[in-house]
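Numbered from 1 within each chain, the chains take letters A, B, ... in sequence-line order.
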Amino acid sequence: MIVKVRGILLRFTDYENDIQVGCDTVGDGLVKLTDRYPKLRDALMDREGAVRRAHFIALNGEQLTVGELDREVDDDDRVDIITAISGG
Amino acid sequence: MPRSSSYEVVVDASLFTPAQLQTVAVGRIGFQAGTRWLRDHLCSHRTLVARHGVGLVLWAWQLEYEMPLRFEDADEVVVDVGARVRGPRWSQLEVTMTISGPAGVAARSRAASVPLQLSGDPALSGVSARLPDVLVEHFHEDERERSPFRSQVPALRAAFEREWSELAAHTTPFRVHRHHCEMADQWYWVESTGFAASAREELIIHHAGRAPVLRRALAHGIRRVDATWLRAGQLWDLLEVRTTAYQHGDDIAFVHEVGLAEPDGGSPLAIVVERT
């Protein structure tokens, strides 16, 4: 799948915004992605490894619930990580 | 008596147009003023984030120009700022500010922010929340208002479409770069009013030949700005500002919809209304 990383998360992926990840499911892909970019794990996931409430995961434009991260994906599928809001 | 902070700011030429203070300059002074009020009377913005896990996101802003103030009129201005919590669940922080020169109040702004409960991650992500009780308790009784602040933007847009004549429309692309952002790589809200002002000038450049009245907005300046933010722009987002100009008698208004320049870009990130 191709992970699209936007704006406030770019500094945690060394400013790569289109990242190809080889995986079978969205959840598997997110684990591989955060293994590759450990700083992203702290930003994206809580201590239990769940995606924080402030971020949303979308597969080909469809927002997924936590229970739908086991959806299967191909190399061409697009996954967006959307941060609802951030504030300083 | 609501508490206020009052201080002097030395003005420089970069803050002005030929006619008045720049909109973005008033925004920056206003953000600084609100940050100062928090430090003086509640806790510093840094402490708010680091100790209380509370962030603030601007939701609505109003700016009115009143008495004339140009660069040649003063060496310094006086900034007065106050703040209060608003809404039935204390879900807004309102900051009001005036900038005064020799002739009196030159600009008056009102900003309504929404508190966020930060997740505690390095991206400073968060979800909307009410202001924690431990902070609300620090506001005096006359600094608490149960009625919420309401943005004027929806009513203004409806009135323009109903009663005003459309003069021109234009779309201007922008990209959010780091100098437009605050520390979390999210756009600094003031910069979106700058995008709107630039889009107004682009519309005038492209359409004033057919509608010369548009030039009045440059000659006399903008007298009032109302803005609302719905989502945040982020580093490297490609944006487009869709601007529509309206006329009603001698008055000109510009409505700027700031959105992502993508086919599935969704609803606008911000709407800025400028009036002469």
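Proximity to chain B involves both the backbone and the side chain of A/Y15, based on heavy atoms less than 4.5 angstrom apart. At a 4.5 Å heavy-atom cutoff, A/D46 makes no contact with chain B through either its backbone or its side chain.
In terms of heavy atoms, B/A123 sits closest to A/R11 at CA-NH2, 3.8 Å. The two residues A/D42 and B/D121 make their nearest non-hydrogen contact at O-CB, 3.4 Å. Across all non-hydrogen atoms, the minimal contact from B/Q234 to A/T83 is NE2-O, 3.8 Å.
Among the candidates B/V176, B/V127, B/L58, the residue making the largest number of heavy-atom pairs closer than 4.5 Å to chain A is B/V127.
Surrounding CD of A/E72 are at most 12 heavy atoms belonging to other residues, nucleotides or ligands under 6.0 Å away. Applying the 6.0 Å contact sphere to CZ of B/R146 captures more than 12 heavy atoms from other residues, nucleotides or ligands. Crowding of B/R144 atom CZ: a count of heavy atoms from other residues, nucleotides or ligands under 6.0 Å exceeding 12. Annotation for A/R36: atom CZ counts as buried by contact number, over 12 foreign heavy atoms lying within 6.0 Å. Within 6.0 Å of CG in A/D18 there are more than 12 heavy atoms belonging to other residues, nucleotides or ligands.
A donor-acceptor pair under 3.5 Å links the side-chain atoms of A/R52 to the main chain of B/S119, judged by distance alone.
Atom CZ of residue B/R178 and atom CG of residue A/L10 lie 8.5 Å apart, to the nearest 0.5 angstrom.
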Kindly determine whether B/D185 and A/R6 satisfy side chain to side chain contact (heavy atoms under 4.5 Å, CB included), including the steps that lead there.
CA-CA 10 Å; B/D185 281 342; A/R6 184 177 164 226; over 6 Å; no
